[in-house]
Amino acid sequence: MSKKSIEIDMTSGPILPKLLMFSIPLILSSILQLLFNAADVIVVGQFAGKEALAAVGSTGSLVNLLVNLFVGLSVGSNVAAATYYGAGKKDLIHKTVHTSVLLSFISGIILTVVGVCFTKYFLRWMKSPENVIGLSTLYLRIYFAGITATMIYNFGSALLRAKGDTLRPLFILLIAGVINFLLNLLFVIVFRMSVAGVALATVISQCLAAGAVIFFLLKEKGDFNLDLRKLGIDKTVLLKILNVGVPAGVQGILFSFSNVIIQSAINGFGDIEVAGSSASASVEGFVWTTMNGFAQGALTFVSQNYGAGKIERIKKSVITAELTAATAGLILGNLVVLFGKQILSFYSKDTSVIDAAYVRLQFICCPYLLCGIMDTMASSIRGIGHSLVPTLVTLVGACLSRILWIMTVFTIPRFHTPQMIFITYPLSWILTFTVLLGCFIFFYSRLKKSYSSQKENESL
């Protein structure tokens, strides 16, 4: 595969074809990552019972809460590398690669210690049902024991995406996803390992993915080449990564924290509702990750053009990404609802679980395009160097509003139902997107004015 075939120059040429060329492999990669968890949920749901299904499925919000700060740092690596790539700053690209890889190791070690030592306390805080808390603890401790591999893959693939390469991360996850599914079947059906089996399968497959992405970076030619002897933290690059990555990570944590509060409220309805919500969340993930592929496309497109000083192309990239994300959410979200019960039957044979899952699916997936355009707008603002603002807007619009709803409206006996939990999602998406749109218009206008003034000064 030639270098030209895997890199995309986002600073010139038609936007939509290049956005699709970038985003579709990224979407497929993200779907394969989701299949890791979906395979876990499906296999245990079919072969280990609803308690195991609830144990594995209910851990998602807690995992996201713990890892999102460090995933946010990988976003910072992507923006830093893409901006330097667009600006042609080769030395800083090289330093970004080595800083990011070392940062991924450090992030993984921290998460392993926190996850292994404190998982059970977190689950009790979330009011996890007593009949599944033991299985959930076992699953999470094995999962976090191998979390360093996940961090290495996330940071490594973020570096490859910075120059438009989404094909190789796709190939890596295609192989790892197949291995994960086969190991799930082996460990759960043959060896009867239940949740321990699916956790071990996930860790093994993620280790293979991490090894592959490191191999590609070692073999990379030019500025993105990884030399393990040069691993180190460059202060300039680290500050750039932290400037974008910490607010992005905090935003992810805030989202996850509000979801943990929501999960805790759902846990109060018993294991059937927990299992149903877990199955529905897994299905929803496939729609969200498709929309998020275009949000990630917006992030890299905007970052490269920002680095290259192509201001008008930034606006066109954002509009194109918003339209594609909205279209994907509208079509896929409603298709999922249309065929919801058939899809959910893959997760559980229990009709009560399927019925509970379908209720949530209707509330989330029908208006899911709202989430897509919200995420794309947040990514666009980060791409032009403003990462703190989307975090603050998300804190109020998508997190505090949900928590406030749970603490007030949901406590009223008449409204103490799962449906009143699920309605918080679309309401918070509308509120957050509206504010983010106003912020982008303000920052873009200021950027355009600054660029025009700079051009005028250069011509004098």
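Please read these numbers as outputs of a predicted model, since none were measured by experiment.
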(message) Applying side chain to side chain contact (heavy atoms under 4.5 Å, CB included) to Ser205 and Leu183, what does each step give before you reach the verdict?
(response) CA-CA 9 Å; Ser205 59; Leu183 289 177; 5.6 Å; no
So does [Y] get a backbone contact from the side chain of [X], meaning a donor-acceptor N/O pair under 3.5 Å?
X: Ser23; Y: Gly293; answer: yes
X: Asn243; Y: Ser387; answer: no
X: Ser157; Y: Asn154; answer: yes
X: Arg313; Y: Met10; answer: yes
X: Asn180; Y: Ala176; answer: no
X: Asn305; Y: Phe301; answer: yes
X: Thr434; Y: Ile430; answer: yes
X: Gln206; Y: Tyr153; answer: no
X: Thr327; Y: Leu323; answer: yes
X: Thr391; Y: Pro247; answer: yes

I need the [X] [atom1] to [Y] [atom2] distance, nearest 0.5 Å.
X: Leu26; Y: Met21; atom1: CG; atom2: CE; result: 13.5 Å
X: Phe22; Y: Ile27; atom1: CZ; atom2: CD1; result: 10.0 Å
X: Leu28; Y: Phe171; atom1: CG; atom2: CZ; result: 10.0 Å
X: Ile15; Y: Ile314; atom1: CD1; atom2: CD1; result: 10.5 Å
X: Leu400; Y: Thr394; atom1: CG; atom2: OG1; result: 10.5 Å
X: Ile172; Y: Phe215; atom1: CD1; atom2: CZ; result: 10.0 Å

(request) Write out all pairs satisfying side-chain hydrogen bond (donor to acceptor under 3.5 Å, both in side chains) with one or both partners inside residues 415-425, taking only residues at least two apart or from two chains. (result)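 Only Asn259-Tyr425 qualify under side-chain hydrogen bond (donor to acceptor under 3.5 Å, both in side chains).
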(message) The test is side chain to side chain contact (heavy atoms under 4.5 Å, CB included); show your working for Val101 and Ile214 and say whether it passes.
(response) CA-CA 9 Å; Val101 172; Ile214 290 294; 4.1 Å; yes
(request) Under the ring pair (Phe, Tyr, Trp, His ring centres under 6.0 Å) rule, collect the residues that match up with Phe47, sequence neighbours excluded. (result)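 For Phe47 there are no ring pair (Phe, Tyr, Trp, His ring centres under 6.0 Å) partners, ignoring immediate neighbours.
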Can you find a pair of side-chain heavy atoms, one from [X] and one from [Y], that are under 4.5 Å apart?
X: Leu135; Y: Thr137; answer: no
X: Leu123; Y: Val132; answer: no
X: Leu388; Y: Leu392; answer: yes
X: Phe187; Y: Leu200; answer: yes
X: Leu20; Y: Phe294; answer: yes
X: Phe181; Y: Leu185; answer: yes
X: Pro390; Y: Arg382; answer: yes
X: Phe216; Y: Val213; answer: no

List the atom of [X], the atom of [Y], and the distance in Å for their closest heavy-atom pair.
X: Gly108; Y: Thr148; value: C-OG1, 3.2 Å
X: Ser401; Y: Ser428; value: OG-CB, 3.7 Å
X: Leu19; Y: Ala298; value: CD1-N, 4.4 Å
X: Thr411; Y: Ile406; value: CG2-O, 3.6 Å
X: Gly397; Y: Thr432; value: C-OG1, 3.1 Å
X: Val116; Y: Ala145; value: CG2-N, 4.1 Å

(request) Check whether the side chains of Arg141 and Thr119 place a donor and an acceptor atom closer than 3.5 Å, and report yes or no. (result)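 Thr119 and Arg141 do not have a side-chain donor-acceptor pair below 3.5 Å.
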(message) Is it true that Thr202 and Tyr143 share a donor-acceptor pair across their side chains at a distance under 3.5 Å?
(response)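 Distance-only check fails for Tyr143 and Thr202.
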Expected list for residues 364-376: side-chain donor-acceptor pairs under 3.5 angstrom, two or more places apart:
unit_1, atom_1, unit_2, atom_2, d
Asp375, OD2, Trp288, NE1, 2.8
Thr376, OG1, Gly372, O, 2.9

(request) Output, in order, the C-alpha distance, side-chain angles, deciding distance and verdict of side chain to side chain contact (heavy atoms under 4.5 Å, CB included) for Met151 and Phe105. (result) CA-CA 7 Å; Met151 291 296 103; Phe105 280 102; over 6 Å; no
(request) Mind checking side-chain hydrogen bond (donor to acceptor under 3.5 Å, both in side chains) for Arg192 and listing every partner two or more places apart, or none if nothing turns up? (result)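 None.
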(request) Could you tell me whether Phe346 atom CZ has more than 12 heavy atoms of other residues or ligands within 6.0 Å of it? (result)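 No, CZ of Phe346 has 12 or fewer neighbouring heavy atoms, counting only those of other groups under 6.0 Å.
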(message) Once salt bridge (Lys or Arg N to Asp or Glu O under 4.0 Å) is applied, what residue pairs with a partner in residues 348-367 remain, sequence neighbours excluded?
(response)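 For residues 348-367: Glu284-Arg360, Lys341-Asp355.
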Can I get a per-line list of side-chain donor-acceptor pairs under 3.5 Å for residues 73-83, giving both atom names and the distance, sequence neighbours left out?
unit_1, atom_1, unit_2, atom_2, d
Ser74, OG, Val71, O, 2.5
Ser77, OG, Leu73, O, 3.4
Ser77, OG, Ser100, OG, 2.8
Asn78, OD1, Thr300, OG1, 3.4
Asn78, ND2, Ala158, O, 3.1
Thr83, OG1, Val79, O, 2.7

(message) For Ser380 and Tyr444: C-alpha separation, side-chain torsions, deciding distance, then whether side chain to side chain contact (heavy atoms under 4.5 Å, CB included) applies.
(response) CA-CA 10 Å; Ser380 301; Tyr444 179 77; over 6 Å; no
